[in-house]
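Residue numbering restarts at 1 for every chain, and letters A, B, ... go by the order of the sequence lines.
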Protein chains: 2
Amino acid sequence: MRLSTKAQYAVRAMVSLNLNAGTAPVSLRAISEWEDISLTYLEQLFVKLRRGGIVDSVRGPGGGYVLARDAAQIRVDEIIDSVEESLVPVSCMEANGECACSSDSRCVTHSVWQGLGARIRMFLASMTLADLTAEARQQIKINK
Amino acid sequence: MRLSTKAQYAVRAMVSLNLNAGTAPVSLRAISEWEDISLTYLEQLFVKLRRGGIVDSVRGPGGGYVLARDAAQIRVDEIIDSVEESLVPVSCMEANGECACSSDSRCVTHSVWQGLGARIRMFLASMTLADLTAEARQQIKINK
DNA sequence: AAAATAATTGACAGTTTTAGTCAGGTATGA
DNA sequence: TCATACCTGACTAAAACTGTCAATTATTTT
Ligand code: FES
Ligand code: FES
């Protein structure tokens, strides 16, 4: 029941992006240094984040990435969806649902996992990037 | 964010055990046939379930496994703990907590995962084996 | 006591997923 | 045109997952 580092990194990078967002776009190189994440790995993630409509890219010198919309409108579950990490605890509920549990269409434990998946989704959908950024700002203040 | 089959199988086997529990112990061979899970894999799981205090073993002919206590007293999260599936979404909260996220003791997204882990635990702790078994009985009735 | 049953243990292997790296290509602005 | 920065796809080492196999030990029935 571990979240992949892909999802963890994506969320962390987005917070970092939003924290340091000024008038100019933020380069991946900068995020890479701040968060100590491999640049090439970040590139992979941001391709998906852009396709997911979470960020927009700005090319050329002085370019980088900016939020595609207001931070308060970006939910955490959207970020995770974009990097293609499933939030469903069992495979039988996936898009191409294949469940090997039993010969019957649904096994007896199906509803438990369904409930669990719904809770996870609900929790992550209840938090926005703006929330996380505000929390991060507070924490930085405390550490000083 | 996928639950391992180990955890899925363990819960399913426990429901099956409880469903078919009469006066005599239930053998793993029987569960293996009912649920179509490899016998040797079940053996691995039940060693851990026994050590976790979920079931008791009865050896010899006519032996098998019985619940160590009433089904209403067995929570789903206990079953999953017994087979050593972590319910925590990130490694930094594990017992031997090692977090590679950042040089600081806690990264900005730590609290999100902490909250998520707590929700997962809470949900699974709110359901008992008795609940699942009752649900399974109803479902079987409907299918008939 | 002997045989049959069933649990118990530990080692092992094939497959899949993860967590990245590497090498190059393409678009943009100065 | 040249530096910057994004974009793409192939590739890989390591870990985890999902089991299997072989052998042993304990208990009950005959
Ligand atoms: S059918 Fe969905 S968990 Fe078994
Ligand atoms: S320190 Fe726990 S998630 Fe980063």
Side-chain angles (χ1 to χ4, degrees), chain A residues 1-13 17 24-33 35-52 54-66 68 80 83-86 88-91 94 96 98-101, chain B residues 1-10 12-13 17 24-33 35-52 54-66 68 80 83-86 88-91 94 98-101:
Chain A
M1 206 57 180
R2 192 65 51 79
L3 207 61
S4 68
T5 63
K6 207 163 55 175
Q8 292 182 44
Y9 283 3
V11 175
R12 199 144 61 86
L17 171 58
V26 179
S27 75
L28 289 190
R29 185 175 303 277
I31 296 180
S32 166
E33 280 166 16
E35 298 294 329
D36 196 34
I37 302 175
S38 149
L39 175 60
T40 45
Y41 200 33
L42 272 180
E43 286 174 351
Q44 279 185 36
L45 297 180
F46 273 79
V47 167
K48 291 178 178 173
L49 289 172
R50 189 177 59 79
R51 289 193 187 138
I54 308 288
V55 295
D56 284 331
S57 66
V58 179
R59 312 183 71 139
Y65 285 96
V66 292
I80 297 178
V83 294
E84 291 158 3
E85 162 84 343
S86 167
V88 170
V90 292
S91 56
E94 216 69 47
N96 65 344
E98 255 190 72
C99 185
C101 357
Chain B
M1 206 56 180
R2 193 63 53 78
L3 206 60
S4 68
T5 64
K6 207 164 55 175
Q8 292 181 45
Y9 283 3
R12 198 144 62 87
L17 171 59
V26 180
S27 74
L28 291 189
R29 185 176 304 278
I31 296 179
S32 167
E33 281 166 15
E35 297 294 329
D36 196 36
I37 302 174
S38 150
L39 175 60
T40 46
Y41 200 34
L42 273 180
E43 286 172 350
Q44 278 186 38
L45 298 180
F46 273 79
V47 166
K48 292 178 178 173
L49 289 172
R50 189 177 59 79
R51 288 193 188 138
I54 309 288
V55 295
D56 282 333
S57 68
V58 179
R59 310 182 75 141
Y65 286 94
V66 292
I80 297 179
V83 294
E84 291 158 3
E85 163 83 344
S86 167
V88 170
V90 292
S91 57
E94 216 70 47
E98 256 190 69
C99 187
C101 356

Nucleotide-resolved protein contact map, nucleotides 24-30 of chain C, B/S/- at heavy-atom distance under 4.0 Å: --BSBS-
Under 4.0 Å protein heavy-atom contacts per nucleotide of nucleotides 11-18 of chain C, with B for base, S for backbone only and - for none: --------
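Summarising the geometry, atom OG1 belonging to B:Thr5 is positioned 10.0 Å from atom CZ belonging to B:Arg12; distances are rounded to the nearest 0.5 Å. B:Gln44 CD to B:Leu49 CG: the interatomic distance, rounded to the nearest 0.5 Å, is 11.5 Å. To the nearest 0.5 angstrom, B:Glu43 atom CD is 8.0 Å from B:Ser38 atom OG. The OG1 atom of A:Thr40 lies 10.0 Å from the CG atom of A:Leu45; values are rounded to the nearest 0.5 Å.
Put simply, CD on B:Gln8 is 13 Å from P on D:dC17, counting in whole angstrom units. One interatomic measurement links the two molecules: CG of A:Leu39 to C1' of D:dC7, which rounds to 12 Å at whole-angstrom precision. Look at CZ on A:Phe46: it is 15 Å from P on D:dT8, rounded to the nearest Å. The nearest whole Å value for the distance from the CZ atom in A:Arg29 to the C1' atom in D:dC6 is 11 Å. Put simply, CG on A:Leu28 is 8 Å from P on D:dC7, counting in whole angstrom units. Regarding A:Leu45, its CG atom lies at a distance of 19 Å from the P atom of D:dA5, rounded to whole Å. Rounded to whole Å, the distance from CG on B:Leu3 to P on D:dC17 is 11 Å. Between A:Leu42 atom CG and D:dT8 atom C1' there is a gap of 16 Å when expressed in whole angstrom units.
At the heavy-atom level, A:Tyr65 lies under 4.0 Å from the strands shown only through sugar-phosphate atoms.
Ring planes of A:Tyr41 and A:Tyr9: perpendicular class, angle over 60° (limits at 30 and 60°).
In this structure, A:Ser32 contributes its side chain and A:Ile37 its backbone to a donor-acceptor pair below 3.5 Å.
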Intermediate values then yes/no, side chain to side chain contact (heavy atoms under 4.5 Å, CB included), A:Leu42 and A:Tyr65: CA-CA 12 Å; A:Leu42 272 180; A:Tyr65 285 96; over 6 Å; no
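At least one side-chain nitrogen or oxygen of A:Arg51 sits closer than 4.0 Å to the OP1 or OP2 atom of D:dT8. A close approach under 4.0 Å does not occur between any side-chain nitrogen or oxygen of B:Ser27 and OP1 or OP2 of C:dT5. Phosphate contact (OP1/OP2 of D:dG19, side-chain N/O of B:Tyr9, threshold under 4.0 Å): present.
Two residues, A:Thr40 and B:Ser57, neighbour DNA chain C, and the one matched to the more 5' nucleotide by heavy-atom proximity is B:Ser57.
Listed by chain and number, the residues in a side chain to side chain contact (heavy atoms under 4.5 Å, CB included) with B:Arg29 are B:Ser27, B:Glu33, B:Leu39 (sequence neighbours excluded).
Residues B:Pro89 and A:Gln8 approach most closely at O-NE2, 4.1 Å, considering heavy atoms.
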